[in-house]
**Q** 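So that we are looking at the same thing, I have put the structure below in structure tokens.
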Amino acid sequence: QVQLVESGGGLAQAGGSLRLSCAGSGRTFRNYAMGWFRQAPGKEREFVAGINWNGGSTYYASSVKGRFTISKDNAKNTAYLQMNSLEPEDTAVYYCAADRKPLRVAVTSERSEYAYWGQGTQVTVSS
């Protein structure tokens with residue numbers, strides 16, 4: 001069982017930065033690939049970034065590639081999303097999620113492949 005709690009959201013100006021954290025309470029957190037998703041009002045929840053279980057592979061949505069960086073610190077049971085060069089279009093509730101299958105090597109962007117979800121943290125970017 002993996003339980004996740006996001007933090008670090010807030011208000012940023014366009015061009016600014018925020019660092020989101022996702023703390024895992026499960027003992028086997030290190031065995032799971034992690035993903036970040038976001039959902040804006042009236043929109044579907046969309047994939048943002050993913051990282052495999054050991055942190056050796058990452059994948060990003062085209063909209064954030066080059067601006068966001070996902071990382072995973074298994075020793076601290078924490079995943080991160082460093083967001084730079086923020087844009088108003090990045091405004092959304094951001095969710096971290098853990099893969100439904102442990103030890104996955106390939107990164108998946110499919111929402112259905114993630115079984116464990118945090119409660120979300122609001123990110124608002126002003127122009």
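Model, not experiment: these values are computed from the prediction.
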**Q** If I take atom CG from residue N52 and atom CZ from residue R104, how far apart are they, to the nearest 0.5 angstrom?
**A** 10.5 Å
**Q** Closer than 3.5 angstrom, by distance alone: can the side chain of T78 be matched with the main-chain N or O of A23 as a donor-acceptor pair?
**A** no
**Q** So how far is it from Y116 OH to D99 CG, rounded to the nearest 0.5 Å?
**A** 9.5 Å
**Q** Should Q39 and Y95 be marked as a side-chain contact (heavy atoms from CB on, under 4.5 Å) after you check the CA-CA gap, both sets of side-chain angles, and the distance that decides it?
**A** CA-CA 8 Å; Q39 187 167 20; Y95 301 87; 4.2 Å; yes
**Q** Using every non-hydrogen atom in the two residues, find where P88 and A14 come nearest and quote the distance to one decimal.
**A** CD-CB, 4.2 Å
**Q** Give the minimum heavy-atom separation between A98 and V2, together with the two atoms involved.
**A** CB-CG1, 4.1 Å
**Q** Which heavy atom of W36 sits nearest to which heavy atom of A79, and what is that distance?
**A** CZ2-O, 4.1 Å
**Q** Do Y60 and R67 have side chains that get closer than 4.5 Å, going by heavy atoms?
**A** no
**Q** What's the spacing between S63 OG and D90 CG if we round to 0.5 Å?
**A** 7.5 Å
**Q** Please say whether more than 12 non-hydrogen atoms of neighbouring residues, nucleotides or ligands are located less than 6.0 Å from CZ in R45.
**A** yes
**Q** When Ile, Leu, Val, Met, Phe, Trp and Tyr are grouped by side-chain heavy atoms lying under 4.5 Å apart, directly or through other members, which residues fall in the same group as Y80?
**A** none
**Q** Using 0.5 Å steps for rounding, measure from the CD atom of Q13 to the OG atom of S127.
**A** 9.5 Å
**Q** Which heavy-atom pair separates N77 from R30 by the least distance, and what is that distance?
**A** OD1-NH2, 4.4 Å
**Q** Hey, could you give me the CG/CZ distance between L18 and F68, rounded to the nearest 0.5 Å?
**A** 9.0 Å
**Q** Sequence neighbours excluded, which residues qualify as side chain to side chain donor-acceptor pair (under 3.5 Å) partners of S17?
**A** N84
**Q** Quick one, L4 and F29 - any side-chain contact, counting heavy atoms below 4.5 Å?
**A** yes
**Q** Applying side chain to side chain contact (heavy atoms under 4.5 Å, CB included) between V64 and each of R38, E89, M83, report the one that passes.
**A** R38
**Q** Rounded to the nearest 0.5 Å, what's the gap from CG on N31 to CG on N74? Could you check?
**A** 8.0 Å
**Q** Quick check: closest heavy atoms across T108 and F47, and the distance to 0.1 Å?
**A** O-CE1, 3.6 Å
**Q** May I ask you to establish whether K72 and Y32 are in a cation-pi arrangement, using a distance under 6.0 Å from NZ or CZ to the six-membered ring centre and at most 45° from the ring axis?
**A** no
**Q** Is the charged tip of R111 near the ring of F37: under 6.0 Å from the six-membered ring centre and within 45° of its axis?
**A** no
**Q** Does a side-chain heavy-atom distance below 4.5 Å link Q122 with T91?
**A** yes
**Q** Would a single hydrophobic cluster contain both V5 and Y94, if residues Ile, Leu, Val, Met, Phe, Trp and Tyr are joined by side-chain heavy-atom contacts under 4.5 Å?
**A** no
**Q** Look at atom CD of Q3 and say whether more than 12 heavy atoms of other residues, nucleotides or ligands are closer to it than 6.0 Å.
**A** no
**Q** List the atom of E6, the atom of G120, and the distance in Å for their closest heavy-atom pair.
**A** OE1-N, 2.7 Å
